[in-house]
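One structure below.
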Amino acid sequence: MSFGLADAADAESPLKDAELQVLRSQYEKEGEYVGIQTKFNYAWGLIKSPHRPSQQEGVRLLSEIFRNSPDRRRECLYYLALGNYKLSNYAEARRYNELLLDLEPANLQAASLKGLIDDKVAKEGLVGAAILGGVAVAVGVVGSLMFRGARAKR
């Protein structure tokens with residue numbers, strides 16, 4: 001059985017509480033013998049959540065599937081990339097997405113996600129550079145004022 005790939009926009013539309021509860025109930029009902037598909041469905045529902053702890057739990061569950069089910073690794077790559085993207089773990093998101101693109105270079109959803117990841121990294125890099133630049137200017141101004149104050153006292 002193969003998981004159909006959702007697009008990145010689908011990750012932003014959370015399930016209704018009742019829908020997530022159905023997935024949670026099935027997951028809990030299966031207990032220690034939970035099926036891979038049940039675990040995957042619940043993990044994907046958690047990743048779609050607007051709540052960071054739920055998203056983290058979803059990524060954790062997908063990581064378990066990835067580690068413990070070699071025949072499902074390829075199917076998990078995109079969802080691990082998407083989950084990490086939602087969590088702003090862009091290095092991890094990129095790593096999983098690039099692994100998928102290595103296996104499926106024509107995968108349009110992975111290519112689209114690559115663009116989203118690259119845009120976020122570039123945007124955050126620019127914001128980080130602006131913050132560092134602002135701090136450097138502030139340090140320079142304070143240092144200049146202190147230097148002038150020290151010279152004036154002489």
Side-chain angles (χ1 to χ4, degrees), residues 1-140:
M1 176 185 281
S2 178
F3 306 123
L5 293 184
D7 67 16
D10 188 43
E12 299 301 329
S13 57
L15 297 178
K16 293 179 178 131
D17 288 341
E19 294 170 323
L20 186 57
Q21 184 55 44
V22 167
L23 296 174
R24 180 181 294 116
S25 294
Q26 183 64 34
Y27 176 79
E28 290 171 351
K29 179 177 144 191
E30 293 182 24
E32 69 178 273
Y33 301 106
V34 66
I36 293 171
Q37 188 67 48
T38 299
K39 185 184 268 191
F40 176 86
N41 291 344
Y42 181 49
W44 179 229
L46 290 169
I47 286 171
K48 290 170 60 90
S49 168
H51 307 292
R52 187 172 179 84
S54 295
Q55 295 167 359
Q56 290 169 323
E57 177 67 6
V59 167
R60 187 189 68 74
L61 292 173
L62 280 176
S63 295
E64 286 179 9
I65 296 170
F66 184 81
R67 273 192 316 275
N68 299 328
S69 302
D71 55 324
R72 295 296 179 94
R73 285 186 179 147
R74 190 168 127 214
E75 295 166 315
C76 287
L77 288 172
Y78 178 75
Y79 293 95
L80 282 166
L82 205 49
N84 279 290
Y85 172 79
K86 278 194 74 175
L87 289 167
S88 301
N89 297 335
Y90 302 123
E92 282 296 295
R94 179 178 278 152
R95 184 172 70 89
Y96 285 118
N97 202 54
E98 285 179 357
L99 286 170
L100 179 57
L101 285 168
D102 287 347
L103 294 169
E104 299 178 11
N107 185 313
L108 297 179
Q109 288 158 314
S112 174
L113 183 56
K114 180 184 185 317
L116 291 173
I117 294 167
D118 291 346
D119 289 348
K120 281 285 191 179
V121 168
K123 181 180 175 187
E124 289 197 1
L126 290 175
V127 169
I131 290 170
L132 286 176
V135 168
V137 168
V139 167

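The figures that follow rest on heavy atoms only: side chains count, while hydrogens, waters and symmetry mates do not. For reference, positions follow the sequence shown, starting with 1.
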### Message
Ignoring hydrogens, what is the shortest heavy-atom contact between Ala43 and Leu62? Give both atom names and the distance.
### Response
CB-CG, 3.8 Å

### Task
Determine whether the aromatic ring centres of Phe40 and Tyr79 lie less than 6.0 Å apart.
yes

### Task
Taking atom types as modelled, find out whether Gln21 and Arg24 have a side-chain donor-acceptor pair closer than 3.5 angstrom.
yes

### Query
Can you name the closest pair of heavy atoms from Leu113 and Tyr85 and give their distance?
CD1-CG, 4.1 Å

#### Entry: side-chain contact (heavy atoms from CB on, under 4.5 Å) involving Leu103 - partner list, sequence neighbours excluded
Arg74, Leu77

### Message
For a quick test of reading the model, state the closest non-hydrogen atom pair linking Asn107 to Glu104 and the distance between them.
### Response
ND2-OE1, 2.8 Å

#### Entry: Euclidean distance, Tyr96 OH relative to Arg73 CZ, rounded to 0.5 Å
10.5 Å

### Query
Is there a donor-acceptor pair under 3.5 Å between the side chain of Asn97 and the backbone N or O of Ala93?
no

### Task
Inspect the contact between Asp118 and Lys114 and indicate whether a charged nitrogen and a carboxylate oxygen are less than 4.0 angstrom apart.
yes

#### Entry: Minimum-distance pair of heavy atoms, taken over all atoms of Ala110 and Leu101
CB-CD2, 3.6 Å

### Short side-chain to backbone donor-acceptor contact, Glu19 and Lys16, under 3.5 Å
yes

### Task
Give a yes or no answer on whether the side chain of Asn84 reaches the backbone of Glu92 with a donor-acceptor pair at less than 3.5 Å.
no

### Intermediate values then yes/no, side chain to side chain donor-acceptor pair (under 3.5 Å), Gln55 and Ser49
CA-CA 6 Å; Gln55 295 167 359; Ser49 168; 5.5 Å; no

### Sequence-distant partners of Ser69, side-chain contact (heavy atoms from CB on, under 4.5 Å), two or more places apart
Ile36, Ile65, Asp71, Arg72

#### Entry: Closest heavy-atom pair and its distance - Leu61, Lys39
O-CD, 3.9 Å

### Reported CD-to-CG distance for the pair Gln56 and Leu46, which is rounded to 0.5 angstrom
11.0 Å

### Query
From Ser54 OG over to Tyr42 OH, what is the distance, rounded to the nearest 0.5 angstrom?
7.0 Å

### Query
Has the side chain of Ser112 got a donor or acceptor atom that lies under 3.5 Å from a matching backbone atom of Leu108?
no

#### Entry: Electrostatic pair Glu124-Lys120, nearest N-O below 4.0 angstrom
no

### Summary
Tightest non-hydrogen contact, residues Lys86 and Glu12, listed as CG-OE2, 3.7 Å

### Test item: Lys48 side-chain N/O and Leu15 main-chain N/O as donor-acceptor pair under 3.5 Å
no

